[in-house]
Amino acid sequence: MTILNTAYQPNMFWDGGSPTLETQVSAPIEAHEEMDFNVMKVVERLNNHPLYPSLFRKAYNSGPSAFTLTRAIANFERTLFTGKSKYDAFQYEKKSDALSASEKRGMDIFFGERAECFHCHGGFNFTDFSFKNNGLYEVYADSGRARITTLHDDVGEFKVPSLRNVALTAPYMHDGSVATLEDVVEHYNSGGKPNFNKSFLIRPLNLTQQEKEDLVNFMKALSDQ
Amino acid sequence: MKSIKSVLCLAVVGFIFSFSSCKKDDSDANNIPNTDTIGELSFNFRQFVGNDRIVYSQVYNDTSGRPFKITNLRYYISNIVLIKANGLELPLSGKVLLVDNEKEQYTLGEIPVGDYSGLRFMVGIDSATNHLDPALYDASNPLSYQPVSMHWGWNFGYIFMKVEGNVDTDSVPTGNLNGIISYDIGSDPLVRVINFNHIFSVHGNINTVNFKFNILKMFSGIDLATESITHTNPGRDLADRIASNWLLAFTIEP
């Protein structure tokens with residue numbers, strides 16, 4: 001999942017387990033699978049750095065601390081915007097030739113009632129920020145949203161990711177188990193695996209080979225130029 | 001002394017034309033605790049395996065004879081309420097203790113002198129506090145990010161109790177500590193409030209209540225050979241049994 005346009009996210013992580021960009025900071029620092037480190041030890045290192053203490057004081061009137069560290073990273077992340085794709089030129093700058101014929105056909109499939117992609121991947125960020133079970137597995141190793149809510153009805157639900165720059169963010173799905181956009185389309189075209197909690201929108205689509213290619217081409221047109 | 005203060009007080013009132021009255025109680029007016037009414041109270045927490053103090057890396061046996069050792073033991077105590085002999089309850093609002101096996105004494109600050117008949121506290125952090133941003137606290141506050149992390153970094157909140165160590169997981173123990181003990185216990189439903197009937201009094205500066213935490217009681221009904229790891233979720237049932245055993249594990253020592 002991209003962190004571009006992350007300022008729009010109402011919560012953080014695939015399971016929505018962190019409410020703000022500020023509180024999110026500690027997780028990658030401390031998670032055993034990621035940095036396996038510690039927020040206060042990062043603060044200690046920053047305080048011993050030749051440059052950072054003065055930069056922090058300049059920005060926050062106070063040196064590196066858990067507070068200023070988390071504000072600084074969150075505020076940096078809020079500056080990461082995207083919105084200059086071929087699709088944006090077509091849709092918002094009204095350049096009718098910005099998309100190819102295949103990309104336009106893909107767009108119609110994306111926003112149409114046959115594939116219904118836009119119901120979840122709608123809006124400026126191509127996500128409604130909801131949590132959905134997309135039938136990737138019959139039994140999920142990661143319980144997803146249910147880890148936060150402890151509700152059985154949330155098992156296997158993960159946040160709908162933004163599709164901006166999606167051609168640049170392989171591999172796909174919450175666990176990176178799908179290698180290419182073609183394979184992603186193949187998954188949705190198949191209707192996914194049976195799962196008690198699967199979204200009702202996930203069902204066989206019967207797209208032709210050409211339609212699948214068009215859909216992939218449309219998603220590639222969401223990359224920033 | 002009293003007359004000088006009264007004069008000063010009157011002078012201040014005269015200068016700023018304040019509507020507030022001069023307070024009769026000198027100590028109150030000066031924010032200096034009066035030792036006739038305010039004393040200091042500490043809680044001591046000592047961790048045990050049965051009757052032996054927990055020393056990191058020393059090997060002990062559980063009640064089934066299974067060898068284990070503890071290498072890290074920390075827990076949060078909050079929502080402390082002292083109960084006066086007349087039944088009045090005195091909540092120590094906002095006071096949170098992060099008990100570390102390597103530190104025994106935790107001062108509660110200024111407490112009204114008098115006789116008390118009991119107290120209670122919460123093991124863990126209440127739901128209103130549990131989901132706030134730890135970065136908002138000063139580094140000296142136990143609720144801030146800790147050098148040994150006591151927060152999950154997501155909205156589950158604080159790790160109420162962290163227990164780490166090693167255990168012999170062989171079906172017939174051989175003394176080889178081949179397994180890991182790793183309990184990270186937390187989440188709102190797992191707080192436990194423990195009530196103590198305990199007669200004590202607060203007078204002067206040195207008043208102490210001594211708590212014993214017996215880890216063998218926390219292991220009651222738990223098979224360390226197969227149940228030595230839970231980070232609460234998944235594995236919630238084990239975490240829930242551990243939390244319920246806190247009610248047995250904490251006692252007050254004379």
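Chain identifiers are assigned alphabetically (A, B, ...) following the order of the sequence lines, protein sequences preceding nucleic acid strands; residue numbering begins at 1 within each chain. Because the structure is a prediction, the values reported are computed rather than measured. For the numbers below, each heavy atom of this structure counts, side chains included, while hydrogens, waters and symmetry mates do not.
- The shortest heavy-atom contact between A/Glu30 and B/His151 is OE1-O, 3.9 Å.
- Residue A/Lys84 places its NZ atom among 12 or fewer non-hydrogen atoms of other residues, nucleotides or ligands, all under 6.0 Å distant.
- Shown here is A/Leu51, whose CG atom has more than 12 heavy atoms of other residues, nucleotides or ligands within 6.0 Å.
- Counting heavy-atom neighbours within 6.0 Å of A/Asn48 CG, excluding the residue itself, gives a total above 12.
- Only the side chain of A/Thr70 has a heavy atom closer than 4.5 Å to any heavy atom of chain B.
- Taken to the nearest 0.5 Å, the CD atom of A/Gln24 stands 11.5 Å off from the CG atom of B/Asp133.
- The choice from A/Ala146, A/Gly16, A/Ala27 that makes the most heavy-atom pairs within less than 4.5 Å of chain B is A/Ala27.
- Between B/Gly153 and A/Ser26, the shortest heavy-atom distance links the atoms CA-OG, 3.1 Å.
- Taking each heavy atom of A/Val39 and B/Tyr145 in turn, the nearest pair found is CG1-CD1, 3.7 Å.
- Among B/Ser149, B/Ser187, B/Pro189, B/Pro134, the residue making the largest number of heavy-atom pairs under 4.5 Å with chain A is B/Ser149.
- In terms of modelled atom types and a separation under 3.5 Å, the side chain of A/Asn38 and the main chain of B/Pro147 share a donor-acceptor contact.
- Within a 6.0 Å sphere centred on CZ of A/Arg45, heavy atoms belonging to other residues, nucleotides or ligands number 12 at most.
- B/Ile180 CD1: 12 or fewer foreign heavy atoms inside a 6.0 Å radius.
- Shown here is B/Lys217, whose NZ atom has no more than 12 heavy atoms of other residues, nucleotides or ligands within 6.0 Å.
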